[in-house]
Amino acid sequence: MERKYYQDIGYKPFLFYVIFGVSGENLEVSQKKYKVDELPEGLDIRTFTREDQGEWIDGWFTGIYGSVIKESSDSLFESCRKAEVCTVLQGEIKDDSTLDYMRNVIGIVEAFIDKGALGILDPQVINIYSPVQWTERFFNKKVNAQNHVMIFNSKTDDGYWLHTRGMAEFGRPDIGIENVPEEKIHDYEQLINQMIFYGGQGVFFDKETRLHISAEKSFVIHPEFVNDFENDDYNNAFYNVTVIEEE
């Protein structure tokens with residue numbers, strides 16, 4: 001899958017999925033059925049059992065992760081919480097010049113679904129998918145970062161803070177815009193979606209850029225790149241975006 005605007009910026013995609021209810025043993029992945037031609041280099045597959053790693057498994061269902069998961073679906077939360085086994089797909093992808101790595105990972109997860117997976121947790125965006133949701137959203141679809149990355153808004157004293165999680169899956173910085181007036185949230189979310197799309201296609205925003213949204217509006221942005229992977233808000237480097245022109 002072509003990554004039209006790919007630039008090698010010095011760091012690679014990081015993927016992390018927890019698949020509840022199945023082990024990684026004896027997994028059969030048909031190339032024709034699942035559109036998988038390789039296990040992406042850098043990705044590890046490990047199995048965790050409640051008997052040996054029960055505390056680690058339980059940790060996903062407490063705190064912020066647990067509360068967000070439970071809000072999305074009580075039944076999915078409970079079925080995954082009770083799982084005796086889970087499989088983790090995790091690692092830093094070595095070759096991200098195309099989006100083939102993501103197509104392969106989506107297909108591998110689909111094979112786990114056919115093996116009996118109960119749910120798929122993406123900790124990077126704090127979201128859990130039922131098997132049906134995963135299949136309908138990702139499988140046999142063109143890889144689009146907009147389907148994987150989440151946009152959140154948080155109320156602040158000076159408006160709203162719009163910010164993403166999940167761009168690490170495409171080896172690109174996450175995105176934040178501070179002090180957004182309530183009446184501009186929709187337009188600015190569309191603006192961020194444009195940055196997500198082009199970032200997924202490999203763009204690194206290193207200069208002032210004009211972007212267009214569907215409402216026939218355009219924005220000139222100044223993206224300040226913050227190379228900080230240790231911040232709790234993103235767990236990734238990020239752009240602190242300033243909108244400097246609107247038309």
Side-chain angles (χ1 to χ4, degrees), residues 5 9-11 13-17 59-73 77 121-129 133 137 144-247:
Y5 306 108
I9 64 171
Y11 70 91
F14 179 73
L15 301 183
F16 187 8
Y17 297 104
W60 295 111
F61 301 96
T62 59
I64 187 170
Y65 286 97
S67 62
V68 173
I69 294 167
K70 192 172 179 64
E71 282 180 7
S72 63
S73 172
F77 176 92
L121 174 67
D122 183 345
Q124 299 200 82
V125 298
I126 320 178
N127 197 26
I128 194 166
Y129 303 96
Q133 288 171 331
R137 185 162 183 160
N144 183 345
Q146 292 168 318
N147 285 338
H148 295 261
V149 178
M150 299 294 178
I151 303 175
F152 299 91
N153 69 70
S154 306
K155 185 74 171 69
T156 66
D157 291 339
D158 299 309
Y160 288 83
W161 171 46
L162 305 185
H163 53 106
T164 66
R165 287 184 66 100
M167 287 303 299
E169 297 178 11
F170 295 88
R172 290 296 178 266
D174 273 289
I175 303 154
I177 307 179
E178 297 180 345
N179 304 329
V180 178
E182 186 171 2
E183 66 272 15
K184 293 186 177 182
I185 289 176
H186 178 69
D187 285 349
Y188 279 29
E189 284 178 341
Q190 289 191 57
L191 169 62
I192 290 173
N193 254 321
Q194 288 297 297
M195 294 185 70
I196 292 170
F197 173 78
Y198 285 110
Q201 288 295 314
V203 168
F204 176 64
F205 293 95
D206 58 356
K207 58 187 176 182
E208 291 183 1
T209 305
R210 181 177 294 276
L211 294 167
H212 303 271
I213 65 173
S214 59
E216 297 185 352
K217 297 180 181 179
S218 66
F219 301 86
V220 177
I221 62 165
H222 173 74
E224 177 193 359
F225 174 56
V226 182
N227 191 18
D228 175 12
F229 287 81
E230 302 303 322
N231 65 84
D232 294 332
D233 294 325
Y234 298 101
N235 290 321
N236 185 23
F238 63 97
Y239 302 112
N240 187 16
V241 175
T242 302
V243 179
I244 59 177
E245 183 181 331
E246 300 183 26
E247 291 184 0

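Remember, it's a predicted structure, so these values are computed and weren't measured experimentally.
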>> If you compare all heavy atoms of Phe205 against all heavy atoms of Thr209, which two are closest, and at what distance to 0.1 Å?
In response: CD2-OG1, 3.9 Å
> When rounded to the nearest 0.5 angstrom, what is the spacing between CG in Asp232 and OH in Tyr234?
Replying inline: 12.5 Å
> When you look at Arg210 and Glu245, which way does the side-chain contact (heavy atoms from CB on, under 4.5 Å) test go after all the steps?
Replying inline: CA-CA 9 Å; Arg210 181 177 294 276; Glu245 183 181 331; 2.8 Å; yes
> Closest approach of Ala145 and Gly200, non-hydrogen atoms and distance?
Replying inline: CB-CA, 3.8 Å
>> Nearest 0.5 angstrom please: Tyr129 OH to Ser73 OG, how far?
In response: 14.0 Å
> Can you tell if the side chain of Val149 reaches within under 4.5 Å of the side chain of Ile175, non-hydrogen atoms only?
Replying inline: no
>> So for atom CD, which belongs to Glu216, do other residues, nucleotides or ligands contribute more than 12 heavy atoms lying within a distance under 6.0 Å?
In response: no
>> List the residues meeting ring-ring contact (aromatic ring centres under 6.0 Å, His included) with Phe14, not counting sequence neighbours, and say none if there are none.
In response: none
>> Can you confirm whether His212 sits close enough to Ser218 that some side-chain heavy atom of one is under 4.5 Å from a side-chain heavy atom of the other?
In response: yes
> Below 4.5 Å, heavy atoms only, C-beta onward: do Gln133 and Ile128 meet side chain to side chain?
Replying inline: no
> Can you name the residues that form a side chain to side chain donor-acceptor pair (under 3.5 Å) with Asp174, not counting sequence neighbours?
Replying inline: Thr164, Asn236
> Looking only at heavy atoms, which two atoms of Phe77 and Gly66 are closest? And how far apart?
Replying inline: CE1-O, 3.4 Å
> Above 12 or not: heavy atoms from other molecules or residues under 6.0 Å from OH of Tyr198?
Replying inline: no
> Are Thr242 and Glu224 linked by a side-chain donor-acceptor pair shorter than 3.5 Å?
Replying inline: no
> side chain to side chain donor-acceptor pair (under 3.5 Å) with Asp187: which residues, sequence neighbours excluded?
Replying inline: Lys217
> Is the CD1 atom of Ile244 crowded by more than 12 outside heavy atoms at less than 6.0 Å?
Replying inline: yes
>> With rounding to the nearest 0.5 angstrom, report the OG to CD1 distance, Ser72 to Ile126.
In response: 11.5 Å
> To the nearest 0.5 Å, how far apart are NZ in Lys184 and CG in Leu162?
Replying inline: 12.0 Å
> Going through the distances and angles, do Arg172 and Val203 end up as a side-chain contact (heavy atoms from CB on, under 4.5 Å)?
Replying inline: CA-CA 8 Å; Arg172 290 296 178 266; Val203 168; 5.9 Å; no
>> Are Phe204 and Phe225 an aromatic pair, judged by ring center distance below 6.0 Å?
In response: yes
>> Considering only residues two or more places apart or on different chains, which pairs with a residue in residues 171-195 satisfy ring-ring contact (aromatic ring centres under 6.0 Å, His included)?
In response: Tyr188-Phe219
>> Quick check: closest heavy atoms across Leu191 and Ile213, and the distance to 0.1 Å?
In response: N-CG2, 3.7 Å
>> If you take the centroid of each ring, where Trp contributes its six-membered ring, are His148 and Phe170 closer together than 6.0 Å?
In response: yes
>> Using 0.5 Å steps for rounding, measure from the CG atom of Asn235 to the CD atom of Glu230.
In response: 8.5 Å
> Who passes side chain to side chain donor-acceptor pair (under 3.5 Å) against Glu189, sequence neighbours left out?
Replying inline: none
>> Run the ring-ring contact (aromatic ring centres under 6.0 Å, His included) test against Tyr65 and tell me which residues pass, sequence neighbours left out.
In response: Trp60
> Checking side-chain contact (heavy atoms from CB on, under 4.5 Å) for the pair Asp122/Met150: CA distance, chi angles, key distance, verdict?
Replying inline: CA-CA 11 Å; Asp122 183 345; Met150 299 294 178; over 6 Å; no
> Take atom NZ in Lys207; do more than 12 heavy atoms of anything else shown fall under 6.0 Å from it?
Replying inline: no
> What's the shortest heavy-atom distance between Gln124 and Ala168, and which atoms?
Replying inline: OE1-CB, 3.5 Å
> About how many Å separate CE of Met167 and CZ of Phe238, when rounded to the nearest 0.5 Å?
Replying inline: 14.5 Å
>> The test is side-chain contact (heavy atoms from CB on, under 4.5 Å); show your working for Leu211 and Met195 and say whether it passes.
In response: CA-CA 8 Å; Leu211 294 167; Met195 294 185 70; 3.6 Å; yes
> Which atom names give the shortest non-hydrogen contact between Val125 and Gly166, and what distance separates them?
Replying inline: CG1-CA, 3.6 Å
